[in-house]
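First comes the structure, then the notes that go with it.
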Amino acid sequence: MQVTGDLNSDLNKFQIARKAKTFDKIRDLPEMEARQNLGMIFTKAANLVGFKNEIGDINKADIRNMIFKEYRNLSLQEIDYAFEHDRYSGDPIDHYQMFNSVYVTKVLKKYIKWRNAYRKENQLDKKALPIPDIKISEAEKQQNHENFIRMIFERLEVRETVHDAWLLYDLVDAPKKDDVDYKKNLYNAQKAKYYEDEKNVNPFKKITRGEGEKYIKNRCKAIIVSKYLKDYINDYEIFRSKIISKKSKN
């Protein structure tokens, strides 16, 4: 599935509202696939609406967590369209240069309210319209994987670590993956950093045992992958060759 450019280019608002029930929901997608696509949707939305800075890693994690908990019944197509609907509405949500879960929630709620009203107004639930079964082809999945690799490459050109690189952890042969002591020390350092960051954001928050466990582990994976791939940043084809294709892995 290509999310970065033309996911909804051929779908007008009537088609989106009519086909919404046929799209694969977040809850039904493999987690890695959903996370990759959401990451690209957020990046595209942030660029088009004029955010000056990259979305922070903690905000990305919080937004994804929010979607998996509260909006898992939406599809990737709907989430992508929700940002387009907000941009084209003439009355976009104020973001104050903060792409976070609060902003994204407002955009999604605005879309859901519009979708439900539009379906009711046009009696879409009552009409026996032929709706095709929308499926993502293997070619589209592979293209999306290629787009994701390119995105990681471009970000590593200017950054030491890219958080989304953790999604490639199982697809690279990074030597540090087998270094138990290194991974233990890395985990402890990232755990301390996570708790410190959380306290800086909310000094009155009580950190519960195990909080942030998944984020911390993924952050460690991201660092291992980023450090490994950073050595091949001068040549995209070599960089790409260090990542096992999904087709080969399957």
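As the structure is a prediction and not an experimental result, all values here were calculated from the model.
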Check your understanding: Are Val162 and Ile233 joined in one hydrophobic group, where the rule is that I, L, V, M, F, W and Y side chains link up if heavy atoms are under 4.5 Å apart?
Key -> yes

Check your understanding: Just wondering, do Ile224 and Val172 contact through their side chains at under 4.5 Å, heavy atoms?
Key -> no

Review point. Any idea which heavy atoms bring Tyr228 and Pro175 closest together, and the distance?
Key: CD1-CD, 3.8 Å

Check your understanding: Hey, mind stepping through Phe68 and Arg35 against side chain to side chain contact (heavy atoms under 4.5 Å, CB included) and telling me if it holds?
Key -> CA-CA 10 Å; Phe68 287 139; Arg35 286 176 177 272; 3.8 Å; yes

Exercise for review: Please check if Ile238 and Ile149 belong to a single hydrophobic cluster, counting links between Ile, Leu, Val, Met, Phe, Trp and Tyr side chain heavy atoms closer than 4.5 Å.
Suggested key: yes

Point to revise | Plane angle bin for Tyr215 and Tyr194 - parallel if under 30°, tilted between 30 and 60°, otherwise perpendicular | key: tilted

Exercise for review: Treating Ile, Leu, Val, Met, Phe, Trp and Tyr as nodes and any side-chain heavy-atom pair under 4.5 angstrom as an edge, say whether Tyr187 and Tyr195 lie in one connected cluster.
Suggested key: yes

**Study point:** Heavy-atom pair of closest approach, residues Ile152 and Ala165
**Key:** CD1-N, 3.9 Å

Study note, to complete from the structure: Separation between CD1 (Ile216) and NZ (Lys221), nearest 0.5 Å, reads 13.5 Å

Practice item. State the CZ-CG distance between Phe239 and Leu229, to the nearest 0.5 angstrom. Key: 4.5 Å

Review point. Do we see a donor-acceptor contact under 3.5 Å between the side chains of Gln97 and Tyr103?
Key: no

Check your understanding: For Lys184, which residues count as a salt bridge (Lys or Arg N to Asp or Glu O under 4.0 Å) partner, sequence neighbours excluded?
Key -> none

**Study point:** Closest approach of Ser89 to Pro92 (non-hydrogen atoms, all atoms of both residues)
**Key:** OG-N, 3.6 Å

**Study point:** same_hphob_cluster(Val102, Phe99) at 4.5 Å side-chain heavy-atom cutoff
**Key:** no

Check your understanding: Is there a side-chain contact between Glu146 and Arg240, using heavy atoms and a 4.5 Å cut-off?
Key -> yes

Point to revise | Non-hydrogen side-chain atoms of Leu168 and His145 separated by less than 4.5 Å | key: yes

Practice item. Examine distances only and state if a side-chain atom of Asp235 and a backbone atom of Glu237 form a donor-acceptor pair shorter than 3.5 Å. Key: yes

Check your understanding: If you draw a 6.0 Å radius around NZ in Lys230, do more than 12 non-hydrogen atoms from other residues or ligands fall strictly inside?
Key -> yes

Review point. If you look at every heavy atom in Asp57 and Arg159, which pair is closest and at what distance?
Key: OD2-NH2, 4.0 Å

Check your understanding: Any side-chain heavy atom of His163 within less than 4.5 Å of one from Arg219?
Key -> yes

Check your understanding: Hey, are the side chains of Phe148 and Ile243 touching, using non-hydrogen atoms and a 4.5 Å cut-off?
Key -> no

Check your understanding: From Arg27 CZ over to Ser75 OG, what is the distance, rounded to the nearest 0.5 angstrom?
Key -> 10.5 Å

Check your understanding: If you count the non-hydrogen atoms of other residues, nucleotides and ligands that lie under 6.0 Å from NZ in Lys110, is the total more than 12?
Key -> yes

Point to revise | Phe42/Asn59 under side chain to side chain contact (heavy atoms under 4.5 Å, CB included): CA gap, chis, key distance, verdict | key: CA-CA 11 Å; Phe42 299 154; Asn59 279 331; over 6 Å; no

**Study point:** Same cluster (ILVMFWY, side-chain, under 4.5 Å), Val225 and Leu186
**Key:** yes

Practice item. Could you check if a side-chain atom of Ile79 sits within less than 4.5 angstrom of a side-chain atom of Ile26, using non-hydrogen atoms only? Key: yes

Review point. Are the side chain of Asn185 and the backbone of Asp181 linked by a donor-acceptor contact shorter than 3.5 Å?
Key: yes

Check your understanding: Looking at Asp170 and Lys177, what are the two nearest heavy atoms and their distance?
Key -> CA-NZ, 4.1 Å

Practice item. Supply the atom-to-atom distance Ile41 CD1 to Gln77 CD, rounded to the nearest 0.5 angstrom. Key: 8.0 Å

Check your understanding: Would you say the ring centroid of Tyr111 lies under 6.0 angstrom from that of Tyr71?
Key -> no

Check your understanding: Once the angle between the rings of His85 and Trp114 is folded into 0 to 90°, is it parallel (under 30°), tilted (30 to 60°) or perpendicular (over 60°)?
Key -> tilted

Check your understanding: Could you give the distance from CD (Gln36) to CG (Asn144), rounded to the nearest 0.5 Å?
Key -> 6.0 Å

Check your understanding: Shortest non-hydrogen contact from Met66 to Ser101?
Key -> CE-O, 3.8 Å

Check your understanding: What do you reckon, is NZ of Lys25 surrounded by more than 12 foreign heavy atoms closer than 6.0 Å?
Key -> yes

Study note, to complete from the structure: One should read off an interatomic distance between Asp173 CG and Lys242 NZ, to the nearest 0.5 angstrom, of 9.0 Å

Check your understanding: Asp86 side chain to Ala82 main-chain N or O, any donor-acceptor pair under 3.5 Å?
Key -> no

Revision key, fill the gap. With sequence neighbours left out, the residues meeting salt bridge (Lys or Arg N to Asp or Glu O under 4.0 Å) with Lys60 are Asp164

Review point. In terms of side-chain geometry, is the basic nitrogen of Lys44 or Asp80 positioned less than 4.0 Å from the acidic oxygen of its partner?
Key: yes

Point to revise | Beyond-backbone contact of Met40 with Met151, side-chain heavy atoms, under 4.5 angstrom | key: yes

**Study point:** Any Glu154 side-chain heavy atom under 4.5 Å of Tyr236 side chain
**Key:** no

